[in-house]
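Beneath this line is the structure, given in structure tokens, with notes to follow.
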Amino acid sequence: MAIPVILDCDPGHDDAFAIMLAAAHPAVDLLGITTVAGNQTLDRTTLNARRVCTVAGIHDVPVAAGLARPLHGEPIVARGIHGESGLDGPGFGEPTVPLDPRDAVTLIRDLLLAHPGPVTLVPTGPLSNIAALLLAHPGLAGRIERIVLMGGSTGRGNTTPAAEFNIVSDPEAADIVLSSGLPVTMIGLNVSHRAPATDEVLARIDALGTPLARICTELLTFFGAAYREVFGFAAPPLHDPLTVAHLVDPELITLVHAPVAVELTGTHTRGATVVDLDGVTGRPANAWVGVDVNAPAFWDLVVDAVRTLGARTAG
Ligand code: BDR
Ligand code: CA
């Protein structure tokens with residue numbers, strides 16, 4: 001039976017691939033897509049989710065907009081990585097996939113209540129919507145199978161030396177999710193940086209030859225240039241689809257059960273995920289934390305997803 005999933009995202013180049021993998025893979029039943037402010041403002045990430053669904057032929061999944069700002073503090077955007085639109089690179093026409101009239105929390109609530117069994121939440125942006133859901137509807141916790149999120153790091157950050165973008169964008173929300181008592185899997189930079197989108201990967205996607213493959217190549221080319229410019233990386237890490245890849249192939253990412261705390265007050269470290277890999281704090285483990293990935297197997301999944309959706313939409 002396919003795993004029922006709600007994807008909460010802030011597209012974002014890598015979020016776009018998370019959407020495509022979740023929609024394409026038969027092991028996932030994508031029930032809904034919700035958006036949050038993150039890589040760009042909420043209006044842009046929402047437009048981008050509808051753009052991705054349109055070009056990838058994803059017409060049967062509701063898309064709803066969520067929070068435009070974090071629970072505390074001011075929103076930050078990742079213009080330097082994702083561009084002014086949040087999805088710079090290819091040209092997109094007007095999306096034909098509509099916006100669901102419900103807000104994200106209401107859509108997630110409705111989907112959780114309507115589904116016969118528990119549902120997996122996959123957040124690939126700041127955790128504002130998910131925390132808002134847990135605060136507004138604590139009674140729904142039993143309907144959440146688990147939360148598999150992209151965020152944090154066992155080591156350094158990418159937005160500050162200590163903090164990763166999704167977590168530092170809304171640390172209080174991340175703290176609520178990680179302290180919720182729900183099963184949480186955290187796939188962070190320490191994993192995604194081990195699976196870069198190399199030139200060989202780009203060539204494989206380009207060789208698919210469909211209009212969707214062309215868009216994907218242009219997305220990865222822009223993303224790669226940004227990572228080269230900002231971080232000096234030879235190839236960009238495609239963080240977000242690792243969450244979906246873990247769901248469809250649990251062997252793909254190595255996990256350890258560990259205590260994870262979100263730094264809320266540090267002068268220089270707010271938003272850091274403090275992962276106690278050595279058990280030195282004596283705190284109970286509250287998350288499964290990714291520590292390694294089979295990169296070739298991951299890229300096979302991504303390329304297959306672009307092939308599948310490209311074949312459906314071509315011509
Ligand atoms: C995360 O931040 C965003 O820029 C990406 O979409 C990803 O979710 C990586 O730090
Ligand atoms: Ca993201």
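Just follow the structure's listing: the first ligand is 1, and inside any ligand the first atom is 1.
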Notebook entry, point to check: To the nearest 10°, how many degrees is the angle Asp15 OD1 to the Ca ion (ligand 2) to Thr124 O?
Noted result: 130°
Notebook entry, point to check: His13 near ligand 1, heavy-atom distance under 4.0 Å?
Noted result: no
Item checked: Identity and distance of the protein heavy atom lying nearest atom 5 (C) of ligand 1 -> Asp14 OD2, 3.1 Å
Checklist line | Ala132 versus Leu67, closest heavy-atom pair with distance | finding: CB-CD1, 3.9 Å
Item checked: No-hydrogen, no-angle side-chain donor-acceptor test under 3.5 Å, Thr265 and Glu263 -> yes
Check: What is the nearest protein non-hydrogen atom to atom 3 (C) of ligand 1, stated with its residue, atom name and distance?
Finding: Asn39 OD1, 3.0 Å
Next item on the list: Tell me which protein heavy atom sits closest to atom 8 (O) of ligand 1, plus the residue, atom name and distance to 0.1 Å.
Entry: Asp240 OD1, 2.6 Å
Checklist line | Side chain, backbone, both or neither: the part of Asp15 lying under 4.0 Å from ligand 1 by heavy atom | finding: side chain
Notebook entry, point to check: Do Arg194 and Asp292 meet the salt-bridge criterion of a basic N to acidic O distance under 4.0 Å?
Noted result: yes
Notebook entry, point to check: Hey, which atoms in ligand 1 end up nearer than 4.0 Å to a heavy atom of Asn158?
Noted result: 9 (C), 10 (O)
Next item on the list: Specify which N/O/S atom of Asp10 comes nearest to the Ca ion (ligand 2), by atom name.
Entry: OD1
Checklist line | Exercise: identify the closest heavy-atom pair between His268 and Thr160 | finding: O-OG1, 4.5 Å
Note to self: Could you check whether Arg50 pairs with Glu94 (Lys NZ or Arg NE/NH1/NH2 to Asp/Glu carboxylate O, under 4.0 Å)?
What the structure shows: no
Note to self: What I want to check is whether the side chains of Arg44 and Ser85 have a donor and an acceptor closer together than 3.5 Å.
What the structure shows: no
Next item on the list: Return yes when Ile81 approaches ligand 1 closer than 4.0 angstrom through a heavy atom, no otherwise.
Entry: no
Checklist line | Asp240, N/O/S atom nearest the Ca ion (ligand 2) | finding: OD2
Check: Which is it for Thr124 and ligand 1 at heavy atoms under 4.0 Å: side chain, backbone, both or neither?
Finding: backbone
Notebook entry, point to check: How about Asn48 and Thr45: does a side-chain donor come under 3.5 Å of a side-chain acceptor?
Noted result: no
Item checked: For Pro126 against Asp10, the heavy-atom pair lying closest together -> CD-OD2, 3.6 Å
Next item on the list: Please work out which of the three classes, parallel, tilted or perpendicular, describes the rings of His13 and Phe223, given edges at 30° and 60°.
Entry: parallel
Check: Any N or O of Asn166 that comes nearer than 3.5 Å to an N or O of ligand 1?
Finding: yes
Check: Which atoms of ligand 1 have any heavy atom of Met150 under 4.0 Å away?
Finding: 1 (C), 7 (C), 8 (O), 9 (C)
Notebook entry, point to check: Which atoms from ligand 1 have a heavy atom of Glu164 less than 4.0 Å away?
Noted result: 1 (C), 2 (O), 9 (C), 10 (O)
